[in-house]
K.L.:
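My questions all concern the structure below.
Letters A, B, ... mirror the listed sequences (proteins, then strands); counts begin at 1.
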Amino acid sequence: MIAADLLAWYDRHARVLPWRAPPGSNAADPYAVWLSEVMLQQTSVATVRPRFAEFLERWPSVEALAAAADADLMAAWAGLGYYARARNLLACARAVVREHGGRFPDTEAGLRTLPGVGDYTAAAVAAIAFGRRAVVVDANVERVVARLFAIAQPLPAARPPIRAAAETITPEARAGDFAQAMMDLGSGVCTPRAPKCLLCPLRGDCAGFASGTPETFPAPKTKAAKPQRHGTVFWLERNGAVWLVRRPDKGLLGGMRALPTGAWSDAPPALAGAPADAAWRMTGVRVDHVFTHFRLQLALAKAVEPSQPDGEGEWWPIAELDKAGLPTVFAKAARQGNEA
DNA sequence: CAACCGTGGCG
DNA sequence: TCGCCAAGGTT
């Protein structure tokens, strides 16, 4: 009995995580569960742990979060990546307050209508916060199930059979614990490489283990090479302050505060796109950064005492740059721009 | 369906 | 050093 064996293992080995209800308690707060699930999308537990605590202290309820200023929320999310999550987080909190009286929908279908809540998150919140039976499938569950049933097709073709198999082992009772147990198992035992099968409570029911090569499931999807792109980042300084802009809501680093940049191209550019007339100096500093689907190298240009910059922006005190909420690539550029 | 969208840690 | 990977969602 896979679910019973897994739940017994979970009762002994569950990770203690701040967004989980204390052992023996059913007091999961839907707001905290939802917030943690959004933060955990494609983001490691170790990264989320301190940021979750910051958010929950600063915005203890969905009403408090819904009342946050956009700029404050975006700055608080800086460094976590996938910034559409932050925009959707705010839109979702406001929808819950305005359209649902401040209470999260308690069904998978109701949750699924909220911004930033997809199939996985709707199922996870329904199961963990509301005790609903829901089939929760994330990357951990995909791997565990592909091995349990020795599903050999490559992703994403393997998703429908994986989901069908997950459906057959999801219990009616304790569906939230079952989902978290599957994720704990995938994270710590049924790992992508070198799975620890000798520690696994499901070893006896695992077709992948029986095959002798459990680590080959699921077959990986082929990944495209990352192209190299280039651009210029502008450090514009006056009276101990630097000129910052806000990026458009859509696209890369959307909605985030940033240093001005020119357009990006396939080859090292010059000063096109400078935010003001000034005695620009190419510093020779290069800022390298890797995004999900391309590499970027920014050449750092620097100037002081310019004319009034073109367009919208703000002079930000250099001594307080750590409070500006810059995405990592611009935090790196700013640190080097200040020294160059 | 596939492209787009960040970042940090680890082997 | 570098590729892989993570509690995915949107278009």
K.L.:
Which of the following nucleotides, dC5(C), dA7(C), dG6(B), is nearest to the side chain of Y83(A)?
P.N.:
dG6(B)
K.L.:
Report yes if at least one side-chain N or O of R143(A) is closer than 4.0 Å to OP1 or OP2 of dA6(C); otherwise report no.
P.N.:
yes
K.L.:
Given atom CZ of F291(A) and atom C1' of dG8(B), what is their separation to the nearest angstrom?
P.N.:
14 Å
K.L.:
For G254(A), report the nucleic acid contact type (base, sugar-phosphate, nothing); a contact means any heavy atom under 4.0 Å.
P.N.:
nothing
K.L.:
Measure CG/L296(A) against P/dT7(B) and give the value in whole Å, please.
P.N.:
11 Å
K.L.:
For T121(A), answer base if it contacts any base atom (sugar-phosphate contacts may also be present), sugar-phosphate if it contacts only those atoms, and nothing otherwise; contact means non-hydrogen atoms under 4.0 Å.
P.N.:
sugar-phosphate
K.L.:
If you draw the axis of the six-membered ring of F294(A), does the NZ or CZ of R229(A) fall within 45° of it and under 6.0 Å from the ring centre?
P.N.:
yes
K.L.:
What's the CG-P distance between L114(A) and dG8(C), to the nearest Å?
P.N.:
18 Å
K.L.:
Are OP1 or OP2 of dA6(C) and a side-chain N or O of Y82(A) less than 4.0 angstrom apart?
P.N.:
no
K.L.:
On DNA chain C, does the nearest nucleotide to V45(A) precede the nearest nucleotide to K250(A) from the 5' side, or the other way round? Give the residue.
P.N.:
V45(A)
K.L.:
Please list each protein N or O that sits under 3.5 Å from an N or O in nucleotides 9-11 of chain B, with the distance.
P.N.:
none

K.L.:
Rounding to the closest angstrom, what is the interatomic distance between dC1(B) and dT11(C) at atom C1'?
P.N.:
12 Å
K.L.:
So, W316(A) side chain and E320(A) main chain: donor-acceptor pair closer than 3.5 Å or not?
P.N.:
yes
K.L.:
Just to be sure I understand the rule, does P327(A) reach a base, reach only the sugar-phosphate, or reach nothing, if contact means heavy atoms closer than 4.0 Å?
P.N.:
sugar-phosphate
K.L.:
Just call it for L80(A): base, sugar-phosphate, or nothing, with non-hydrogen atoms closer than 4.0 Å on any strand.
P.N.:
base
K.L.:
Round to the nearest Å and state the distance from N140(A) atom CG to dG8(C) atom C1'.
P.N.:
12 Å
K.L.:
Using the C1' atom on both, measure dA6(C) against dG6(B) and round to a whole Å.
P.N.:
12 Å
K.L.:
For the ring pair F291(A) and H293(A), is the centre-to-centre distance below 6.0 Å?
P.N.:
no
K.L.:
Using atom P of each nucleotide, how far apart are dG9(C) and dG8(B) to the nearest Å?
P.N.:
22 Å
K.L.:
Counting heavy atoms from C-beta on, name the nucleotide in dG3(C), dG8(C), dG6(B) closest to the side chain of R295(A).
P.N.:
dG3(C)
K.L.:
Quick one: which of V33(A), D177(A), V136(A) gives a side-chain contact (heavy atoms from CB on, under 4.5 Å) with I128(A)?
P.N.:
V33(A)
K.L.:
Do any side-chain nitrogens or oxygens of Q41(A) fall under 4.0 Å of OP1 or OP2 in dG8(C)?
P.N.:
no
K.L.:
Base, sugar-phosphate, or nothing for W34(A), non-hydrogen atoms under 4.0 angstrom?
P.N.:
nothing
K.L.:
Heavy-atom nearest nucleotide on DNA chain C for N88(A) versus S36(A): which residue maps closer to 5'?
P.N.:
S36(A)
K.L.:
What is the distance, to the nearest angstrom, from the CZ atom on R163(A) to the P atom on dG8(C)?
P.N.:
14 Å
K.L.:
For dC4(C), does OP1 or OP2 lie under 4.0 Å from any side-chain N or O of K223(A)?
P.N.:
yes
K.L.:
Checking E37(A) against Y120(A): is there a side-chain donor and acceptor pair closer than 3.5 Å?
P.N.:
yes
K.L.:
Find the distance D288(A):CG to dC2(C):P and express it as a whole number of Å.
P.N.:
10 Å
K.L.:
How long is the line joining CZ of F294(A) and P of dG6(B), in whole Å?
P.N.:
9 Å
K.L.:
Evaluate the ring planes of W77(A) and F55(A), with Trp represented by its six-membered ring, and classify them as parallel (under 30°), tilted (30 to 60°) or perpendicular (over 60°).
P.N.:
perpendicular
K.L.:
Do you know which two heavy atoms are closest between L155(A) and K221(A), and how far apart they sit?
P.N.:
O-CB, 3.7 Å
K.L.:
What's the CD-C1' distance between Q180(A) and dA7(C), to the nearest Å?
P.N.:
9 Å
K.L.:
For dT7(B), does OP1 or OP2 lie under 4.0 Å from any side-chain N or O of H289(A)?
P.N.:
yes
K.L.:
Counting only side-chain heavy atoms from C-beta out, which of dA7(C), dT7(B), dA6(C) sits nearest to E37(A)?
P.N.:
dA7(C)
K.L.:
Does R112(A) use its side chain to pair, donor to acceptor, with the backbone of V117(A) at less than 3.5 Å?
P.N.:
yes
K.L.:
Across the strands shown, which category fits L17(A) at heavy-atom distances under 4.0 angstrom: base, sugar-phosphate, nothing?
P.N.:
base
K.L.:
Angle class for the W280(A)/F234(A) ring planes (parallel below 30°, perpendicular above 60°, tilted otherwise)?
P.N.:
perpendicular
K.L.:
Quick one about N88(A) and R85(A) (side-chain donor to acceptor, distance below 3.5 Å, no hydrogens or angles considered), yes or no?
P.N.:
no
K.L.:
Classify the nucleic acid contact of A139(A) as base, sugar-phosphate or nothing, counting any heavy atom under 4.0 Å across all strands shown.
P.N.:
sugar-phosphate
K.L.:
Which nucleotide in the list dA7(C), dC5(C), dG6(B) gets nearest to the side chain of R20(A)?
P.N.:
dA7(C)
K.L.:
For R159(A), report the nucleic acid contact type (base, sugar-phosphate, nothing); a contact means any heavy atom under 4.0 Å.
P.N.:
nothing
K.L.:
On a whole-Å scale, what distance lies between the P atoms belonging to dA7(C) and dG11(B)?
P.N.:
15 Å
K.L.:
Pick base, sugar-phosphate or nothing for V290(A), based on heavy-atom distances below 4.0 Å to the nucleic acid.
P.N.:
base
K.L.:
Could you work out the separation of dC5(C) and dC5(B) based on their C1' atoms and round it to a whole Å?
P.N.:
16 Å
K.L.:
Quick one: is dC5(B) close enough that its OP1 or OP2 comes under 4.0 Å of any side-chain N or O from H293(A)?
P.N.:
yes
